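Below: the structure, in structure tokens.
Everything numeric in this text was worked out from a predicted model, so none of it was measured. In what follows, chains carry the letters A, B, and so on, assigned in the order in which the sequence lines appear, proteins first and then strands, with residues in each chain numbered from 1.
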2 protein chains.
Amino acid sequence: MERQPVLDDKVTIMDIAKAAGVSKSTVSLVLNNSSLVRHETAVKVKETAEKMGYVYNRSAANLRNGTSNIIGMVVNDLSNSFFVELLIGAERRLLSSNYITLLAHTGEDLKLQDQVLASMREQKAAGVILCPALYTSPNLTTTLKNWGLPFVTVMRSLNDEQSDFVGCDNYLGIQMATQHLIGLGHRDIAFIGRDITNSVSVVRQQGYTDCLEKNNIPVNPQLMVESDISMMGGKKGMKKLLSLRKCPSAVVCYNDLIAIGVLSEINEQGLITGRDIAVVGSDGVASSAFCSPPLTTVVLHSEKIGELASQVLLKRLKNPELPPIRHLLKPELRIRKSCGAYLK
Amino acid sequence: MERQPVLDDKVTIMDIAKAAGVSKSTVSLVLNNSSLVRHETAVKVKETAEKMGYVYNRSAANLRNGTSNIIGMVVNDLSNSFFVELLIGAERRLLSSNYITLLAHTGEDLKLQDQVLASMREQKAAGVILCPALYTSPNLTTTLKNWGLPFVTVMRSLNDEQSDFVGCDNYLGIQMATQHLIGLGHRDIAFIGRDITNSVSVVRQQGYTDCLEKNNIPVNPQLMVESDISMMGGKKGMKKLLSLRKCPSAVVCYNDLIAIGVLSEINEQGLITGRDIAVVGSDGVASSAFCSPPLTTVVLHSEKIGELASQVLLKRLKNPELPPIRHLLKPELRIRKSCGAYLK
DNA sequence: CTGAAAGCGCTTACAG
DNA sequence: CTGAAAGCGCTTACAG
């Protein structure tokens, strides 16, 4: 087989224009599928470009256009598969509209978040999908607006009703989880994942306490366990609960990551989840169906949220004058074995 | 609080030059931290730029330079957290060298892979980290070389010893897993995740069969179960094994994803993993430590592989003339409860 | 150490 | 429907 020579990437629209016998304006119009050019001309130009091994130079187009086909995606926690699923949904949707995804993982690091946003601005990203890090200042929305960088925040709102936002009804979700446990006869129900600095945690915890109160169940502060938002956090939280004089009979977890840690600790102690202790998670990550036992959880539709976030941003790019677009998706309780419902 | 006006992003090096009383060449040199400029001049220029709200325009620099600070990252399967961890490691390393990560998830789709690689080429990516999709043609390396696009393949080699590659010793890893089970007294050992079209699966399966033979244990084709590389695949594979007249006493899984499905099925059937059936996974994803019971697995050091891949690519960018850089990381067996070792 | 000049490869009014 | 021209904001030899 003959070895193809290394191409120099040096074919430009000028070369195509010359070869096809048209002007470079025409070539440019063809490449952008303009309707101004006669069909036959367009075909000829495209064939010539193909034949000459032409590669569109986006750097040049970006400079000229003052923008790009790049969308920045800033994610706070990729070790949580909820956000990975969200990312997958968002990226797929962007690609199908010919945008590509510049990814940055902040790991909840605010300085890193500032840095990557600044970098995306330099890069002339057309817009940004932002899953904000913990402690992100509400001023960030002002900054991004001053930059003229369109954005949509996801999951965590930055207290700015004037910005585009896609999230889910965290309050309702945890209420559904708690109510379900109460319906199964539980009264000593714990909550693991308390974190007063995390707005989502605050809301979810509120859903939990309000639900208890609505059912005339006293709220026991000992049963609201602070923890890291991680599997290890859940494990430690459960360990703490198991060491109480009176261990609760059921646990509502801030999210599935924590729930997985909780299941692990229950198993390690030789107890049976669902029989000895009921556990409910939140988020509905793919692996929740494959826990041992399968995890009852509040499904938030991660991929759909990602897709929707992309869609909102694309809509915003098309029409900057649109009023704020805000979506709050309804969660869904998926009942599996970890809550013990199937033992009744 | 006064509302800052929307900046026009219109400050250029010309404006800074004028304001600072130097030429724009000097400004450019300062922005690129050239040592050609006197320190005081550099300071003055930087202060002026800061004061004027200057934003470096990478599109312009990219066009002029013919390259960019963008690295493409093409990943075959983000639903496998092994690759997510790898991505996290790679992205972090790139960012620390002032490169940013263009992400594309192929989901093992070859056409999508071609498309995103072409897009990264248009984008003038400086290089690409490629976790190839299944069935990727070995010719892809030739294509990328002809494009002049530096790349490193990760995990799956494309049979091209002349390309940079970072992976791990799959053969050794599965051998360690199998040998461990044999050491625990097992002789009926199954392998789930057989896939003759997946080069990694072929190698891992070879490690398994060779290890059996070395120990004079006959290889039983019935115990080599084909399956999707997913939790569901593992679950179905285990279901099949449990329905055999003589169920094996131990299972080596192609990876942790499959192992998690296997644990789930064992649990669902009312059996106890580690006591009734020993299970070993491969990859060492973070969640393997939080399975019920914790999963014995071959740790491949996902984040380290990602970091190393970035490092190799950066080295290649600095010195294109270097001979091929190839790393094969040594795996490590992490013994937990799922193999039953702690019951003895 | 600094300045004037050319050019990277596009797109877009504008004139025809 | 097509062509000539200007310009996006940088970087880099080159001359001084």
Side-chain angles (χ1 to χ4, degrees), chain A residues 7-46 48-49 52-70 98 119 121-126 148, chain B residues 7-46 48-49 52-70 98 119 121-126 148:
Chain A
L7 297 171
D8 272 343
D9 271 27
K10 282 289 151 64
V11 182
T12 73
I13 54 171
M14 265 308 267
D15 303 318
I16 300 172
K18 228 172 282 170
V22 300
S23 81
K24 64 176 180 162
S25 323
T26 305
V27 176
S28 176
L29 291 171
V30 170
L31 294 175
N32 288 288
N33 294 313
S34 162
S35 56
L36 292 178
V37 183
R38 202 172 18 173
H39 182 66
E40 302 92 78
T41 313
V43 170
K44 188 175 63 185
V45 168
K46 280 184 177 167
T48 310
M52 299 178 77
Y54 172 71
V55 179
Y56 187 74
N57 186 328
R58 256 177 218 289
S59 298
N62 289 350
L63 172 56
R64 174 58 219 235
N65 291 330
T67 183
S68 71
N69 65 332
I70 295 174
N98 290 313
S119 163
R121 181 193 191 195
E122 283 189 357
Q123 217 66 236
K124 297 259 176 242
Chain B
L7 297 171
D8 272 344
D9 271 25
K10 283 288 150 68
V11 182
T12 74
I13 54 171
M14 265 308 268
D15 303 318
I16 300 172
K18 227 172 283 170
V22 299
S23 81
K24 65 175 180 164
S25 324
T26 306
V27 177
S28 176
L29 290 171
V30 169
L31 294 176
N32 288 288
N33 294 313
S34 162
S35 55
L36 293 178
V37 183
R38 203 173 16 172
H39 181 65
E40 301 94 77
T41 313
V43 170
K44 188 175 63 184
V45 168
K46 280 185 177 166
T48 310
M52 299 178 76
Y54 172 70
V55 179
Y56 187 73
N57 185 328
R58 256 177 218 289
S59 298
N62 290 348
L63 171 57
R64 173 59 219 236
N65 290 331
T67 183
S68 71
N69 66 331
I70 295 175
N98 291 313
S119 164
R121 181 193 191 195
E122 282 190 357
Q123 216 67 236
K124 297 258 177 241

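The line from CD1 of B:Ile16 to CE of B:Met14 is 11.5 Å long, rounded to the nearest 0.5 Å.
Remark: P of C:dC10 and NZ of A:Lys124 are 19 Å apart, rounded to the nearest angstrom. If you take CG of B:Asn57 and C1' of C:dG9, they are 14 Å apart, rounded to a whole angstrom. Distance CD (B:Glu122) to C1' (C:dG9): 13 Å, rounded to an integer number of Å. Regarding A:Asn62, its CG atom lies at a distance of 18 Å from the P atom of C:dC8, rounded to whole Å. The nearest whole Å value for the distance from the CG atom in B:Leu63 to the P atom in C:dA6 is 18 Å. Between the P atom of D:dC10 and the OH atom of B:Tyr56 lies a distance of 7 Å, rounded to the nearest Å. At whole-Å resolution of the value, CG in A:Leu31 and P in D:dT2 are 14 Å apart. The separation between B:Ile13 atom CD1 and C:dC8 atom P is 17 Å, rounded to whole Å.
For the pair A:Thr26 and D:dC1, the criterion of a side-chain N or O lying under 4.0 Å from OP1 or OP2 is not met. Contact between the side-chain N/O atoms of A:Ser59 and the OP1/OP2 oxygens of C:dC10 is not found at any separation under 4.0 Å.
Among the heavy atoms of the strands lying under 4.0 Å from B:Ser35 are primed sugar atoms or P, OP1, OP2 only; no base atom is included.
B:Asn62 and B:Asn69 make their closest contact through OD1-N, 4.3 Å (heavy atoms, listed as atom of the first residue, atom of the second, distance). Contact detail for A:Ala42 and A:Val37: the closest heavy-atom pair is N-CG1, 4.0 Å. Closest approach of B:Ser68 to B:Ala126, counting heavy atoms only: O-CB, 3.4 Å.
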Listing time: all N or O pairs from protein to nucleotides 12-16 of chain C that are below 3.5 Å?
| unit_1 | atom_1 | unit_2 | atom_2 | d |
| --- | --- | --- | --- | --- |
| C:dT12 | O4' | A:Arg64 | NH2 | 2.9 |
| C:dT12 | O4 | A:Ser25 | OG | 3.4 |

Donor-acceptor pairs are to be reported for all side-chain atoms of residues 22-33 of chain B against protein atoms at under 3.5 Å, with residues two or more places apart or in another chain.
| unit_1 | atom_1 | unit_2 | atom_2 | d |
| --- | --- | --- | --- | --- |
| B:Ser23 | OG | B:Ser25 | N | 3.3 |
| B:Ser23 | OG | B:Thr26 | N | 3.4 |
| B:Ser23 | OG | B:Thr26 | OG1 | 3.3 |
| B:Asn32 | ND2 | B:Ser28 | O | 2.9 |
| B:Asn33 | OD1 | B:Lys46 | NZ | 3.1 |

Return all side-chain donor-acceptor pairs below 3.5 angstrom for residues 52-59 of chain B, not counting sequence neighbours, or 'none' if the list is empty.
| unit_1 | atom_1 | unit_2 | atom_2 | d |
| --- | --- | --- | --- | --- |
| B:Asn57 | OD1 | B:Ser59 | N | 2.9 |
| B:Asn57 | OD1 | B:Ala60 | N | 3.1 |
| B:Arg58 | NE | A:Glu122 | OE1 | 2.9 |
| B:Arg58 | NH2 | A:Glu122 | OE1 | 3.1 |

Seminar exercise, completed: For DNA chain C, the expected dot-bracket line (Watson-Crick or G-U under 3.5 Å, [ ] crossing, | inter-strand) is |||.||||||||.|||
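Candidate nucleotides C:dC10, C:dT2, D:dC10 were compared by shortest atom distance to the side chain of B:Ser23, and C:dT2 ranks first.
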